[in-house]
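FYI, side chains are in, hydrogens and waters are out, and symmetry mates aren't considered; it's all heavy atoms of this structure.
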Amino acid sequence: EAEGERGTRGAEGDQVDLAVTDELPDTDASDIVHQKLVGAPFVCDGSNQHPLAGKRAGKKRFCSFAHVIVSHGDGQFNPVEEHFARNDMVFDHVMKSPTVLPALLLARDGEFLVTMPRSIADEFLEAFKLVEIPQPAAILNTEIHLVWHRSNDNDECHQWVRSKLVECVV
């Protein structure tokens, strides 16, 4: 069961006050309210000295390079892995990192590629001497939403928490 699925199913059952998820609940769920937090394309980055820097490669060559995926939690649902799998892209060597910094260091210091949201990548490209590496498949786009039960919609404390979460991503 994906984390996003747990969050929305709990909200539908009035068990969860607030969830952050990448999966919206069923549109027929009239008791559920949601707000888009962020929507960002994912980009693939590598060292400016990477063999693929400035070049477009086919899937087989692209996937022959080691890849770092930033993955939180216990390794369940990961939109990057799912996207690559849907596009028949299986990497020969994959490493998961729970945070962005190790992934950026591996990309900067070696032949690793790292896929992350553009909003994060843009903050670090120059400092880590990374460049965008063209992907041989459609670019992954994902949205993250706040989801809550309608009964909490006008609750002042709930509104305050939601506003702070929105401020964190703006």
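Contact detail for His50 and Glu111: the closest heavy-atom pair is NE2-O, 3.0 Å. Between Gln159 and Asn154 the shortest heavy-atom distance is NE2-CA, 3.5 Å. A pairwise comparison of heavy atoms in Ser47 and Ala53 identifies O-CB, 3.9 Å as the closest pair. Pairing each heavy atom of His145 with each of His34, the nearest pair is ND1-ND1, 3.5 Å.
Scored by the side chain to side chain donor-acceptor pair (under 3.5 Å) test, Arg118 finds Glu132 as partners (sequence neighbours excluded).
Atom CD of Glu123 is surrounded by 12 or fewer heavy atoms from other residues, nucleotides or ligands within 6.0 Å.
Not one N or O on the side chain of Asn87 forms a donor-acceptor pair closer than 3.5 Å with the backbone of Met89. Under the 3.5 Å distance criterion, the side-chain polar atoms of Arg150 are left unmatched by any main-chain donor or acceptor of Val33.
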Evaluation steps, side chain to side chain contact (heavy atoms under 4.5 Å, CB included), between Val147 and Ile32: CA-CA 7 Å; Val147 178; Ile32 305 303; 3.3 Å; yes

Side chain to side chain contact (heavy atoms under 4.5 Å, CB included) assessment of Gln35 paired with Val166: CA-CA 9 Å; Gln35 177 180 356; Val166 169; 3.4 Å; yes

Side chain to side chain contact (heavy atoms under 4.5 Å, CB included) between Asp17 and His158, intermediate numbers included: CA-CA 8 Å; Asp17 290 330; His158 209 272; 4.0 Å; yes

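Annotation: the span from Leu140 atom CG to Met116 atom CE amounts to 13.0 Å, rounded to 0.5 Å. Expressed to the nearest 0.5 Å, how far CG of Asn48 lies from NZ of Lys129 amounts to 8.0 Å. Note that CG of Asp122 is 11.5 Å distant from CG of Leu130, once rounded to the nearest 0.5 Å. Taking CG of Asp31 as the reference point, atom OG of Ser151 lies at 8.0 Å (rounded to 0.5 Å).
Separation of the Phe65 and Phe112 ring centroids does not fall under the 6.0 Å cut-off.
The hydrophobic clustering, which links ILVMFWY residues whose side-chain heavy atoms are closer than 4.5 Å, places Val43 and Leu52 apart.
For the pair Leu165/Leu146, a side-chain contact is recorded, criterion being any heavy-atom separation below 4.5 Å from C-beta on. At least one side-chain heavy atom of Asp153 sits under 4.5 Å from a side-chain heavy atom of Arg162. Ile120 is listed as a side-chain neighbour of Val100, based on a closest heavy-atom distance under 4.5 Å. Taking the side chain as every heavy atom from C-beta outward, Val90 and Lys59 never approach each other to under 4.5 Å. Counting heavy atoms from C-beta outward, Leu105 and Phe128 have side chains that approach closer than 4.5 Å. Residues Leu125 and Asp45 are in side-chain contact: their nearest non-hydrogen atoms beyond the backbone lie under 4.5 Å apart. Looking only at side-chain heavy atoms (C-beta outward), Thr115 and Phe84 come within less than 4.5 Å of each other.
Applying the side-chain contact (heavy atoms from CB on, under 4.5 Å) test between Cys44 and each of Leu113, Val114, Ile139 identifies Leu113 as the sole match.
Side-chain contact check for His83 and Glu81: no donor-acceptor pair (N or O, by modelled atom type) lies under 3.5 Å.
Classification of the Phe62-His67 ring pair by plane angle, with boundaries at 30° and 60°, yields tilted.
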